[in-house]
Asks: 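Before we start, here is the structure in question, set down as C-alpha cells.
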Amino acid sequence: MNNEQLENIKVELLDDIKNAKSLKDLVGIKVNAFGKSGSISSLSKGMRDLSPEDRPKFGAMINELKTIIEETLKSKEIELENAELKAKLEHEQIDITEPSKGIEVGALHPIADVIDRLTDICVDMGFSVVEGPEIESDYYNFEAMNIPKNHPSRDMQDTFFITDEILLRSQTSAVQAREMEVRKPPFKIICPGKTYRNDSDATHSPVFHQLEGLVVDENISMADLKSMLTILMRRLYGDDTKIRFRPSFFPFTEPSIEVDVSCPSCHGKGCNVCKGTGMLELLGAGVVNPKVLEMSGIDSKKYRGFAFGFGLDRTAMILDGINNIRNLYRNDIRFLEQMK
Ligand code: DAH
C-alpha cells in the first residue's frame, strides 16, 4: 500500500460521486467504498502489512480520506434529494385555473329530519330521550299496555310474532311500561323508533316509525296534554296551525283522543294531501289508564300520566309533500337528493 494507491482511490471515488445521477447511485458508491470488500475497507485491512513506523501516518491518511468521502457523499445526497423533489413537484403541478368537480352536499333522510325536529321541540319542553328494543316481549308490547292475550283490541295491530311471547314491537308504547318500571315520578320521556306491522300499501309500510311521549306527575290532566300538544304542533307546522281533538279509544289511555291538525299544504281549505277535508290525523293520545300505572308499580292514587304516539312517516310525508310511503324506504338517490 502506498500514497499513490490511496490517491487513486480518492480520485476515483470523488469522480464517481460527482457523476452520480440518483440517490440509488450513491448507495452503490457507499458500498464500493465502505462495504466489506470496499476500497477504503481494503486500505484499512492493508495496514497489517505496514511497518509499525508507517502505520500511524497511513492511519491518519485513511481517516482523512474517509472524512472527505463521507462529507462529499453527504453534500451530493442533499443535492440529489433536492433535485428529485424539484422534479417531483414539477411533475405534480396543480392547475389552479381548472374548474373544480364541486362538493356533493347530502341531506338528512325525511324520517331522520322529523325525528330531529320533534326531539328538539320535546327536549326544549323538558323531555328526556329514551330507547327501547325493537324485538320486544308480548308483555311490554301488549299486556303491560292493558291489552291482554286474546283481547279483540289486539286486532288493531297486525303483529309479526317471532314466538308466542316475542315479537317485533308494533308500537313504541312498549317503552312506556319499561320506563315506568325503572323511573321515579315525576318524569317526562319521549322514545322515537322503528315499529313493525303486517301492513303494506301507499300509506302503510311493514316497517314504520313512531315517537312516543309519556309524562307522569302529580296533578296533571287532559288540559296539560292538550296545551302541550298544541304548542308542539304549532312549533312543528307553524303558528297558524289549527288543532282538533277527537274522542277515541286506546286500551292504555282513558280518556283517549285522536289529534288532527289543519293541513299545512292548503291551510284547511281542502286539497289532495288532506283528501279535501282540510285536516290531517296525526297522533293518538290520552290520560294513562290507572291500570297501566299500577301494573308498572306506580301509585295511581298519587300520580297521573298522559301519553301520546306520533306516526313519524305520516308526519314526514306531510312536511315534505311525499305521496307514497315506499319512497321513504327505497333509498333511491334521486328521491333523497330532493331533500336537500
Ligand atoms: N300506540 C298507539 C298506536 O300505535 C298510539 C298511541 C295512542 C300512543 C295513544 C299513545 C297513546 O301513547 O296515549 O296506534
Side-chain angles (χ1 to χ4, degrees), residues 118 122 125 127-134 136 138-148 151-160 167-180 183 187-199 203-217 220-230 232-233 243-261 280-293 295-296 298 300 303-315 325:
L118 275 169
C122 292
M125 291 175 166
F127 283 85
S128 308
V129 183
V130 300
E131 284 186 326
E134 288 172 27
E136 187 51 286
D138 186 276
Y139 177 77
Y140 286 116
N141 195 77
F142 288 129
E143 286 183 61
M145 289 289 104
N146 196 30
I147 312 176
H151 195 276
S153 64
R154 287 201 178 205
D155 290 350
M156 294 197 294
Q157 305 184 6
D158 204 346
T159 310
F160 291 114
L167 46 97
L168 295 180
R169 73 176 171 201
S170 62
Q171 50 182 358
T172 44
S173 302
V175 294
Q176 285 194 24
R178 286 184 172 275
E179 292 300 316
M180 282 191 275
R183 281 175 193 262
F187 61 82
K188 294 164 96 172
I189 51 130
I190 53 164
C191 170
K194 285 196 180 75
T195 41
Y196 303 84
R197 286 183 206 177
N198 186 14
D199 239 348
T203 53
H204 295 88
S205 157
V207 188
F208 61 108
H209 298 76
Q210 292 188 330
L211 182 134
E212 194 77 14
L214 172 67
V215 178
V216 180
D217 203 345
I220 52 170
S221 69
M222 186 69 128
D224 300 301
L225 171 63
K226 284 173 75 176
S227 64
M228 205 212 76
L229 287 176
T230 305
L232 212 163
M233 294 302 181
I243 288 109
R244 181 169 70 190
F245 298 94
R246 275 181 297 109
S248 185
F249 170 78
F250 299 103
F252 33 92
T253 44
E254 184 58 42
S256 303
I257 53 172
E258 264 170 330
V259 186
D260 306 334
V261 294
L280 290 163
E281 184 197 318
L282 271 195
L283 64 144
V287 175
V288 178
N289 191 321
K291 261 169 114 176
V292 169
L293 294 176
M295 269 191 278
S296 299
I298 290 178
S300 66
Y303 294 106
R304 245 176 289 166
F306 64 73
F308 53 91
F310 265 89
L312 295 180
D313 303 70
R314 195 166 158 71
T315 311
I325 196 168

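We count ligands from 1, going down the list as the structure has it; atoms in each ligand are counted the same way.
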Asks: Would you please name every residue forming a salt bridge (charged side-chain N to carboxylate O under 4.0 Å, His left out) with Glu143, sequence neighbours left out?
Replies: Lys149
Asks: Ring-plane angle category for Phe250 and Phe252, please: parallel below 30°, perpendicular beyond 60°, tilted otherwise.
Replies: parallel
Asks: Between Arg244 (side chain) and Glu258 (backbone), is there a donor-acceptor pair under 3.5 Å?
Replies: no
Asks: Is it true that Gln176 and Glu212 share a donor-acceptor pair across their side chains at a distance under 3.5 Å?
Replies: yes
Asks: Could you go through the side-chain contact (heavy atoms from CB on, under 4.5 Å) check for Val287 and Ser221 one step at a time?
Replies: CA-CA 7 Å; Val287 175; Ser221 69; over 6 Å; no
Asks: So if I only count non-hydrogen atoms and take anything under 4.0 Å from ligand 1, which residues does that give, chain by chain?
Replies: Gln157, Gln171, Ser173, Gln176, Arg197, Gln210, Glu212, Phe250, Phe252, Thr253, Gly284, Ala285, Gly286, Ala307, Phe308, Gly309
Asks: Taking C-beta and beyond as the side chain, do Tyr303 and Met180 meet within less than 4.5 Å on heavy atoms?
Replies: no
